[in-house]
Amino acid sequence: MNNLLENAIVASMVAGKAIMEVYAIPDFTDLIEIKNDKSPLTVADKNAHQVIYTLLRGEFPEIPMISEEGKGTPYEERKDWKRYWLVDPLDGTKEFIKRNGEFTVNIALIENNRPVMGVVYIPVTDTLYAGIVGQGAFKIVNGEETPITVRKAPDTGRTAVGSRSHSTEEEAKLLADYNVTDFITTGSSIKFCLVAEGTADLYYRAGPTMEWDTAAGQAVLEAAGGTLTNPDGSMFLYNKENLLNGGFLCKGDI
């Protein structure tokens, strides 16, 4: 296995353990603060960030990192980066607070503004998805590794995956255009992984998200043979001056 991927997998699982230590605390009341964008931040987010930063920057000091919970790097400094880590230490903080288990650790490697490698780890179920674009994707459950690929979508009766809290009229129209009849709801970047493993055929998000929300999931999906594009089909790029994403469309073999 690629050394970078091995280390990213280890970092995601150690971060997951740190998250679960906080998850086991009965009352989160004193462990949550609200960030400037009104989104919640927990001790678990901070602890997971510290684990990933320490492990990956310690092993690969030459590769810089952008992390949701890290210190922001000015665009002038990062605009010429050819390779960097893009990390969401705890994707789905609201799901974490709700205690529904639908949160992940996301670690991606970006090269030339595109995700080339990704790890998505679900701590509650000890399930890990990983992939290198052009080389394939796999899933590890209870220590057992199996390859994953997108499925050939049927012409009708397709399955989409999405969020409980972000559905729109625009999404409903697009899903109808793609002959979607079944819909799975789940949180965080698990949605990308369900398309990657062939459980779903489609995932559409009108936006907004941040780059660290999508990079690892996109890498896993594309490694499994799927695609993530802007809604108009154009390439979805990273390391923009503003790290906010617009809408996107994920597809299996459609």
Side-chain angles (χ1 to χ4, degrees), residues 1-24 44 47-48 51-52 54-56 59-60 85-92 95-96 99-109 115-153 159-162 182 184-203 212-228 250-253:
M1 192 186 297
N2 178 292
N3 187 39
L4 288 161
L5 183 57
E6 280 186 3
N7 280 272
I9 288 172
V10 169
S12 74
M13 296 182 80
V14 177
K17 183 178 179 183
I19 289 168
M20 292 305 291
E21 288 172 355
V22 179
Y23 199 59
N47 292 356
V51 165
I52 295 167
T54 300
L55 291 177
L56 292 185
E59 191 70 25
F60 308 103
W85 298 108
L86 182 54
V87 175
D88 191 343
L90 175 48
D91 182 29
E95 317 300 333
F96 176 89
R99 297 185 187 272
N100 67 15
E102 296 172 0
F103 52 87
T104 59
V105 179
N106 298 347
I107 300 177
L109 184 69
V116 296
M117 186 186 86
V119 174
V120 175
Y121 180 56
I122 309 169
V124 167
T125 59
D126 190 24
T127 301
L128 184 140
Y129 295 87
I132 299 175
V133 178
Q135 297 184 34
F138 57 90
K139 178 180 181 179
I140 301 176
V141 183
N142 298 323
E144 184 174 339
E145 179 180 323
T146 54
I148 59 171
T149 60
V150 297
R151 70 182 180 190
K152 175 63 179 172
T159 299
V161 62
D182 294 313
I184 301 168
T185 56
T186 190
S188 69
S189 55
I190 297 170
K191 294 182 281 289
F192 299 97
C193 300
L194 294 184
V195 180
E197 71 178 9
T199 300
D201 304 301
L202 197 73
Y203 166 35
W212 47 71
D213 293 318
T214 57
Q218 179 177 354
V220 172
L221 173 63
E222 294 187 346
T227 60
L228 185 154
C250 299
K251 295 193 290 187
D253 185 2

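Because only heavy atoms are used, hydrogens play no part in the values below, and waters and symmetry mates are left out as well, while side chains stay in.
The backbone N or O of T159 sits less than 3.5 Å from a side-chain atom of D201, completing a donor-acceptor pair. The closest donor-acceptor contact from the side chain of Y23 to the backbone of F96 lies at 3.5 Å or more, if one exists at all. Checking side-chain atoms of D91 against main-chain N and O of S189 turns up a donor-acceptor pair under 3.5 Å.
Inter-residue side-chain proximity for V124 and E95 is flagged as unmet; no heavy-atom pair is nearer than 4.5 Å. For the pair F192/V220, no side-chain contact is recorded, criterion being any heavy-atom separation below 4.5 Å from C-beta on. Side-chain contact between V133 and Q218 is absent, with no heavy-atom pair separated by less than 4.5 Å. The shortest distance between side-chain heavy atoms of W85 and L109 falls below 4.5 Å. Counting only heavy atoms from C-beta outward, the side chains of D213 and D88 approach each other to under 4.5 Å. Looking at heavy atoms from C-beta onward, V150 lies in side-chain contact with L221 at the 4.5 angstrom threshold. The shortest distance between side-chain heavy atoms of T104 and I190 falls below 4.5 Å.
Here the shortest heavy-atom pairing between A196 and A224 reads O-CB, 3.4 Å. Minimum heavy-atom separation, L86 to A215: CD2-CB, 3.5 Å. The minimum heavy-atom distance between A219 and M117, with the atom names listed, is CB-C, 3.4 Å. Scanning both residues, L228 and C250, for their nearest heavy atoms gives CD1-SG, 3.4 Å. Contact record, A11 with I107: CB-CD1, 4.0 Å, taken as the closest heavy-atom pair. The heavy-atom pair separating A108 from A216 by the smallest distance is CB-N, 3.5 Å.
Neither side chain, N106 nor Y121, offers a donor N or O lying under 3.5 Å from an acceptor on the other.
Note: T199 OG1 to R151 CZ = 7.0 Å, rounded to the nearest 0.5 Å. One distance of note links OG1 of T227 with CG of D253; it measures 9.5 Å at 0.5 Å rounding. Put simply, CG on L128 and CD1 on I9 are 5.5 Å apart, with the number rounded to the nearest 0.5 Å. If you take CG on N142 and OG1 on T125, they are separated by 8.5 Å, rounding to the nearest 0.5 Å. Rounding to the nearest 0.5 Å gives a distance of 7.5 Å between NZ of K139 and CD1 of I148. Rounding to the nearest 0.5 angstrom, the gap separating the CZ atom in F103 from the CG atom in L90 is 6.5 Å.
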Report task. Please assess N7 against L55 for the test side chain to side chain contact (heavy atoms under 4.5 Å, CB included), listing each intermediate value before the final yes or no. Result -> CA-CA 8 Å; N7 280 272; L55 291 177; over 6 Å; no
Report task. Could you walk me through whether K191 and L194 pass the side chain to side chain contact (heavy atoms under 4.5 Å, CB included) test, one step at a time? Result -> CA-CA 5 Å; K191 294 182 281 289; L194 294 184; 5.8 Å; no
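For Y129, there are no ring pair (Phe, Tyr, Trp, His ring centres under 6.0 Å) partners, not counting sequence neighbours.
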